[in-house]
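Structure first, then comments.
As the structure lists them, so they are numbered: ligands from 1, and atoms in each ligand from 1.
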Amino acid sequence: MISIITPAYCEAENLPVLHTHLQAVLQKHAQPWEWIVVDDHSSDHTFEVVSRLAQNHENISAIRLSKNCGSHVAVMAGLRLCSGQCAVVMAADMQDPPELIISMLAAWENGTQVVWAARRHREGETQTTLGFSRFYYWLMRNIIKIKNIPPRGADFFLIDKQVIQALNQFDENNISLLALLSWVGFRQQTIEYDKQARLHGQSGWSVSKKLKLVIDSITAFSFLPIRVMSVIGFLMALFGFLYAFVVLTNRFLNEPAQGWSSLMVVVLVVGGLQMLMLGILGEYLWRALDESRRRPRYLIEQAIRMDPVVSKTKT
Ligand code: UDP
Ligand code: MG
C-alpha cells in the first residue's frame with residue numbers, strides 16, 4: 001500500500017484535478033494506494049469537495065483540523081493516520097507533478113528511505129519569495145548545519161514506513177517538518193524537478209507563517225543565537241573596559257572626555273542590543289514553556305473513513 005498525503009488549505013478547485021492526475025499515474029503502478037487529505041481548516045468548500053470524492057472512491061479518507069495549524073502540522077496529522085508502506089507528501093495545488101511519484105517510488109524500491117523531490121526551477125513565484133526561500137535554505141544548511149536539506153528547498157517527498165514511525169515519535173509543536181526530516185537521517189536521496197505555477201488560488205503561506213517557521217527552525221536545532229549573544233556581550237564588555245582605560249588616561253593628562261552625543265550612541269546601541277538579546281532569549285523560553293504544556297498538536301473537527309478519537313491517538 002502507498003499513501004499519498006495532501007495538506008489542503010482552501011484548495012476546493014485544485015483537489016479534483018489532483019485526484020484525476022493521481023488516479024492516472026498510480027493506475028500504472030500495481031500496488032494499491034490511499035489518499036489522505038488533511039483539510040487545514042479551510043474557509044472554502046475543501047472538505048465538502050473531498051467528502052464528495054470519497055463517496056465515489058473507497059481509497060480516499062480525510063480529516064478537517066479544528067483550526068488552521070499550517071501545512072507542516074497538517075502533514076504530521078496525515079502521517080499519524082496513514083497505513084502505507086511508504087507515504088508521498090504533496091501539495092494540492094498541482095505545483096508538483098504527480099508523474100514524479102513513479103520515479104520516487106523507483107528510488108524507494110531501490111532502498112532509499114527518504115526521497116526528496118527538490119525543485120530545480122520554480123514557475124510563477126515572485127523574486128521576493130524566491131529570495132526569501134533561498135536565504136532560508138542557505139541558513140538551514142550552512143548556519144544551522146542541517147546538511148541533508150536540499151539547497152533550493154523541497155516540499156514534495158516520499159518517506160518509508162520506518163521513517164514515518166520515527167517521525168511519529170516526535171511530539172514537538174513548534175517545528176519545521178522538513179528540517180526534522182533532514183535531521184532524522186536514514187538513507188536519503190534527492191531527485192530534481194521543475195515546480196510548476198499554482199493551478200488555482202493563492203499560496204496559504206503568509207509572511208507571518210514564514211517568519212514563524214524560520215524562528216522555529218533555528219530555535220529547534222541550534223543554540224547559535226544564544227552563543228552569539230554571549231560573544232557580543234563579552235566583546236562589548238571588553239571594549240567598555242578598554243575605553244574606560246582611555247578615558248581615565250585622558251583624565252590624568254587633563255583632557256577629560258566630552259560629548260553628550262557619544263554617550264547617547266553608546267546608551268542606544270547597548271540598550272537596543274540588550275533588548276534584542278532579551279527577545280532572542282524570549283523566543284527560546286516561550287517555546288520551552290509551550291512544549292511543557294504538552295497540548296495536542298492539533299484537534300480533529302471532522303473525519304471521513306477515520307475515527308477522529310482513535311486517529312488522534314494512533315501512532
Ligand atoms: N497549506 C496548509 N495550511 C496552510 C497553508 C498551506 O495545509 O496554512 C497547504 C496548501 O493547501 C498546499 C500546501 O500546504 O497544499 C503547500 O502550500 P502552498 O501551496 O500555499 O505553499 P507554497 O507552494 O506557496 O510554498
Ligand atoms: Mg504551492
Side-chain angles (χ1 to χ4, degrees), residues 3-19 21-22 35-50 53 60 62-81 87-98 100-101 116-137 140 149-150 152-157 173-179 181 193-214 216-217 297-302:
S3 303
I4 311 286
I5 297 172
T6 300
Y9 179 63
C10 301
E11 306 280 11
E13 283 176 289
N14 291 324
L15 284 169
V17 184
L18 176 59
H19 180 244
H21 276 76
L22 282 176
W35 190 30
I36 300 179
V37 179
V38 182
D39 173 9
D40 192 10
H41 205 79
S42 304
S43 50
D44 70 351
H45 303 298
T46 295
F47 201 71
E48 285 80 359
V49 168
V50 187
L53 284 171
I60 300 181
I63 51 170
R64 176 174 163 84
L65 303 186
S66 68
K67 64 187 183 101
N68 182 244
C69 297
S71 63
H72 290 212
V73 169
V75 170
M76 288 200 229
L79 289 176
R80 292 236 156 147
L81 303 173
V88 175
V89 172
M90 68 187 303
D93 54 7
M94 293 298 295
Q95 286 194 281
D96 314 319
L100 203 71
I101 295 176
W116 293 98
R119 42 214 188 196
R120 187 170 34 211
H121 180 73
R122 288 173 79 175
E123 281 293 331
E125 300 288 4
T126 62
Q127 284 303 321
T128 325
T129 307
L130 292 180
F132 185 89
S133 164
R134 244 175 258 140
F135 172 69
Y136 173 75
Y137 287 101
M140 293 310 288
I149 207 156
R152 289 195 195 169
D155 35 27
F156 180 22
F157 55 86
N173 283 329
N174 302 290
I175 192 99
S176 154
L177 172 64
L178 302 178
L181 187 55
Y193 76 107
D194 292 327
K195 191 164 171 147
Q196 305 303 311
R198 185 172 245 284
L199 187 61
H200 294 290
Q202 55 194 26
S203 171
W205 274 92
S206 60
V207 174
S208 62
K209 278 183 190 168
K210 284 181 183 171
L211 196 63
K212 179 168 186 308
L213 182 76
V214 175
D216 280 346
S217 307
R297 199 185 272 154
Y298 56 86
L299 295 170
I300 297 175
E301 185 182 294
Q302 269 174 287

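Considering only non-hydrogen protein atoms, atom 17 (O) of ligand 1 sits nearest to Trp205 CD1, 3.6 Å. Nearest protein heavy-atom neighbour of atom 3 (N) of ligand 1: Asp40 OD2, 2.6 Å. Counting only heavy atoms of the protein, atom 14 (O) of ligand 1 lies nearest to Ser71 CB, 3.2 Å. Of all protein heavy atoms, the one closest to atom 16 (C) of ligand 1 is Ala91 CB, 3.8 Å. The protein heavy atom nearest to atom 20 (O) of ligand 1 is Gly204 N, 2.6 Å. With respect to atom 12 (C) of ligand 1, the closest heavy atom belonging to the protein is Glu11 OE2, 3.4 Å. Closest protein heavy atom to atom 22 (P) of ligand 1: Ser203 OG, 3.7 Å.
Contact atoms of ligand 1 toward Gln95: 19 (O), 23 (O) (distance under 4.0 Å to a heavy atom of the residue). Proximity to Arg198 (heavy-atom distance under 4.0 Å) selects the following atoms of ligand 1: 18 (P), 19 (O), 20 (O). Contact atoms of ligand 1 toward Ala8: 7 (O), 11 (O) (distance under 4.0 Å to a heavy atom of the residue).
The name of the N, O or S atom in Asp93 nearest to the Mg ion (ligand 2) is OD2.
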* To do: Could you please spell out the steps behind the side-chain hydrogen bond (donor to acceptor under 3.5 Å, both in side chains) verdict for Asn68 and Asp40?
  => CA-CA 5 Å; Asn68 182 244; Asp40 192 10; 3.0 Å; yes
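Taking 4.5 Å as the limit, every side-chain heavy atom of Val73 sits out of range of all side-chain heavy atoms of Asn173.
Ligand 1 has an N or O atom lying under 3.5 Å from an N or O atom of Asp93, backbone or side chain. Checked against a 3.5 angstrom limit, the closest N/O atoms of Lys209 and ligand 1 fall inside it. At least one N or O atom of Pro7, backbone or side chain, sits closer than 3.5 Å to an N or O atom of ligand 1. Residue contacts with ligand 1: Ala92 is placed with a nitrogen or oxygen under 3.5 Å of a nitrogen or oxygen of the ligand (distance criterion only).
In summary, Asp96 and Arg119 do not engage in a salt bridge, as defined by a charged side-chain N under 4.0 Å from a carboxylate O. A salt bridge is absent between Glu48 and Arg64: the closest approach of a Lys/Arg side-chain nitrogen to an acidic carboxylate oxygen does not fall below 4.0 angstrom.
Side-chain atoms of Ser217 come within 3.5 Å of backbone atoms of Leu213 as a donor-acceptor pair (strictly under, hydrogens ignored). Proximity of a side-chain donor or acceptor of Gln196 to a complementary backbone N or O of Asp194 within less than 3.5 Å is detected. Looking at His45, its side chain never comes within 3.5 Å of a backbone N or O of Ala12 through a donor-acceptor pair.
Within the cation-pi definition used here (under 6.0 Å to the ring centroid, within 45° of the axis), Lys210 qualifies as a partner of Phe132. Relative to the ring axis of Tyr9, Lys209 places its NZ or CZ within 45° and under 6.0 Å from the centre.
Residue contact annotation: Gln95 places an N/O/S atom under 2.8 Å from the Mg ion (ligand 2).
Only the side chain of Asn68 comes within 4.0 Å of ligand 1, counting heavy atoms alone; its backbone N, CA, C and O stay farther away.
The aromatic rings of Trp35 and His19 lie parallel to each other, with less than 30° between the two planes, well short of the 60° mark.
Between Met90 and the choices Val75, Leu18, Ile5, the side-chain contact (heavy atoms from CB on, under 4.5 Å) rule is met once, by Leu18.
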